[in-house]
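Below is one structure, written out as structure tokens, with a few remarks after it.
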Amino acid sequence: MRRRPDVHAIADGLIALGEPLELRGDDPGAMRLHGPDGRLLVSIEDAVRVSVHGEIGRLLGAEFAERVKAPVWWVDVRAVADVPDAERVARRFADSLVHWLGGAVFPDGEHDGPALSWKAADGSDGTTENAAYQGGSVGR
């Protein structure tokens, strides 16, 4: 991806293909995908351009860095840990972003260990206590 990825277009595409989601959030800033019941499922951060190839290796490891070349666009995609469908929606979004715009998804495939995400707040204010990286896409 040479130009900034249009994450809204990818989310709109998922909705058009029948994914029961509601898109919330404005540019710039995090875009949020909510389920049909209004619960937050996925947060998609604004794309950040990474121009130095060494940063990719520092952040994701040398092996992964060999697969992509700078400059890239870094898009964090975070699934809410305590909502059953959230990880599937997050992965589908990341895979769609890479399919249409190029790049790679990190981490690849399934991963061991507990989900590295935040727990959804009891309220609907969207707070993200204990936030940590869940996954996302790195594009070229």
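Along the sequence shown, residues carry numbers from 1.
In this structure, the separation between CD on Glu22 and CG on Leu40 is 11.0 Å, given to the nearest 0.5 Å. Remark: Asp82 CG to Arg39 CZ distance equals 5.5 Å, nearest 0.5 Å.
Annotation: side chain to side chain donor-acceptor pair (under 3.5 Å) contacts of Asp6 (sequence neighbours excluded): none. Residues passing the salt bridge (charged side-chain N to carboxylate O under 4.0 Å, His left out) test with Asp12, sequence neighbours excluded: none. Partners of Glu45 under the salt bridge (charged side-chain N to carboxylate O under 4.0 Å, His left out) rule, at least two apart in sequence or in another chain, are Arg78.
Minimum heavy-atom separation, Ala70 to Ser51: CB-O, 3.4 Å. Across Lys69 and Val72, no two heavy atoms sit closer than the pair O-CG1, 3.1 Å. For Ser43 against Ala30, the heavy-atom pair with the smallest separation is OG-CB, 3.7 Å. Nearest approach of Gly25 to His8, heavy atoms of both residues: O-NE2, 3.8 Å. Across every non-hydrogen atom of Leu41 and Ala86, the tightest pair is O-CB, 3.2 Å.
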Atom pairs and distances, donor-acceptor, side-chain atoms in residues 92-99, under 3.5 Å, two or more places apart:
residue, atom, partner, partner atom, Å
Arg92, NH1, Glu19, OE1, 2.5
Asp95, OD1, Arg91, NE, 3.2
Asp95, OD2, Arg91, NE, 3.4
Ser96, OG, Arg92, O, 2.8

Please list, one pair per line, the donor and acceptor atoms closer than 3.5 Å that link side chains of residues 53-61 to other protein atoms, with sequence neighbours excluded.
residue, atom, partner, partner atom, Å
His53, NE2, Ala65, O, 3.2
Glu55, OE1, Arg58, NE, 3.4
Glu55, OE1, Arg58, NH2, 3.0
Glu55, OE2, Arg58, NE, 3.0

Sequence neighbours left out, cut at 3.5 Å: what donor-acceptor pairs do the side chains of residues 100-107 make with other protein atoms?
none

Task: Candidate pair Leu23 and Leu33, rule side chain to side chain contact (heavy atoms under 4.5 Å, CB included), full reasoning - done: CA-CA 5 Å; Leu23 177 63; Leu33 297 175; 3.8 Å; yes
